[in-house]
Amino acid sequence: MNRIQREKFRDRNMRQKYDLLHIKSTLNTPALSGLYLKNFYNAAKRYDLTLPSEIVDSDLKFCGNCGVVHVPLYNTDISSTIEGTKEMFKMVCKKCQYEAIFENPRIESAKVVRSKSNSPTLTATLTPKSTVTPSLTSNKINKNKAKDRAKKRKNNSLNNLLANKKKEQNNGSSSSLSSLTLESFMKK
Amino acid sequence: MSSLKATDKRIAKRRQVYKTILSNPFVNEEHIWPHVSNQQLVIELLQKYVLNKLQHLIEMNVDKSQWPFTIMTDFNKIYKYISSSDLPTYDNKMILFVCNKDPDVPSVMLQQIPLLTSMSQKEIILVQLPKGTLTLLQKYIELPYGMLLLPTNQFDPIFVNQIQEQVSKQNLAWLKPLKYKHTDIKLVKSSAPLITKNKETKTKK
């Protein structure tokens with residue numbers, strides 16, 4: 001097999017394994033899904049493929065215990081509780097009763113106290129131009145800052161400092177040159 | 001033997017690309033969220049038909065129980081509403097707005113929402129909203145999960161139709177067989193020709 005054939009084979013192989021994982025849930029044989037999942041992961045490892053975190057993360061797409069694909073309403077129940085500043089998502093696999101709990105920071109409730117003067121501006125933000133411009137301006141400000149910082153950094157580098165000194169010495173008239181003489185040195 | 005320069009050139013000619021290996025129409029993971037053709041229009045519609053009314057109601061201090069329409073934002077309530085099967089038929093259609101591009105919305109939940117809507121027995125129009133909509137919506141109503149469910153029968157049908165036109169249909173082939181129960185039928189009553197001489201009987205299954 002040459003390189004292209006090998007890649008094609010790999011793609012087909014992985015795709016088939018991935019499809020099988022999804023078909024498994026429809027075939028009513030949950031006992032096998034763990035096996036297929038492991039097979040898929042092993043193949044990914046063998047081919048040196050980095051899978052996205054949505055697939056690899058434990059308990060997220062596949063049940064951490066039996067390996068079945070999570071499908072809400074069919075084999076998974078999802079519920080959420082709020083505890084203080086955190087949201088807890090609970091996914092319960094109906095096949096093996098395995099519970100996976102995810103913690104998330106809660107979305108901040110930005111309950112705005114609306115005053116009458118405030119309302120027109122709210123509607124104005126809807127137009128595409130106004131939504132685009134603030135982001136653009138903020139970008140510009142950031143860019144300028146970055147540029148300034150880069151300039152400063154350049155100026156501070158050793159090479160530039162030396163160059164500046166040389167320039168000064170060249171421009172700095174005879175006084176600096178004369179300073180090299182013993183007399184001027186003594187005067188100082 | 002080729003020179004070092006030549007091999008260097010040959011290697012440099014190849015560029016690094018990323019290919020999708022797992023994408024296929026069966027699992028269809030990259031199009032798991034239905035495509036919205038004109039996002040700006042969707043937001044404008046939402047603003048005109050829902051948010052502006054909400055603002056009036058809040059300004060007039062109308063109690064939530066007396067609002068002319070119901071709005072659901074809590075995940076558990078939405079989940080229950082979608083999964084319940086004893087709703088009257090006129091309640092079967094709904095629009096679910098999800099701010100799936102905003103970073104604050106939990107990704108664990110987002111991953112399951114498209115599956116949830118396509119698995120439901122009801123007709124749900126799933127609409128993904130562009131980035132930054134969460135902050136806009138939160139000016140009017142608290143969205144603890146970045147989701148907004150509207151039963152369509154309480155809203156203007158023009159609004160519903162226009163939203164529906166903008167959103168493509170969900171197509172997750174692998175979920176389709178899951179929606180239906182397996183049949184327990186093993187034998188089907190049928191008819192077979194009468195036996196003639198030595199021919200074997202043919203039975204239809």
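Here the structure is a predicted model, which means the values were calculated and not measured. Chain identifiers are assigned alphabetically (A, B, ...) following the order of the sequence lines, protein sequences preceding nucleic acid strands; residue numbering begins at 1 within each chain.
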Does [X] use its side chain to pair, donor to acceptor, with the backbone of [Y] at less than 3.5 Å?
| X | Y | answer |
| --- | --- | --- |
| Ser37(B) | Gln166(B) | yes |
| Ser120(B) | Leu116(B) | no |
| Lys90(A) | Ser79(A) | no |

Side chain, backbone, both or neither: which part of [X] has a non-hydrogen atom closer than 4.5 Å to chain B?
| X | value |
| --- | --- |
| Ile55(A) | side chain |
| Asp77(A) | both |
| Phe40(A) | side chain |

List the residues meeting ring pair (Phe, Tyr, Trp, His ring centres under 6.0 Å) with Phe69(B), not counting sequence neighbours, and say none if there are none. Phe155(B)

For chain A, the option from Met119(B), Met109(B), Lys80(B) that forms the most heavy-atom pairs under 4.5 Å: Met119(B)

Parallel, tilted or perpendicular: which one describes the rings of Phe62(A) and Tyr41(A), with boundaries at 30° and 60°? perpendicular

Which residues satisfy the side chain to side chain donor-acceptor pair (under 3.5 Å) test with Ser118(B), sequence neighbours excluded? none

Atom group of Leu51(B) that falls short of 4.5 Å from chain A, counting heavy atoms: neither

Let me know if Gln111(B) has heavy atoms under 4.5 Å from chain A in its side chain, its backbone, both or neither. side chain

What option among Met14(A), Glu87(A), His70(A) has the most heavy-atom pairs under 4.5 Å with chain B? Glu87(A)

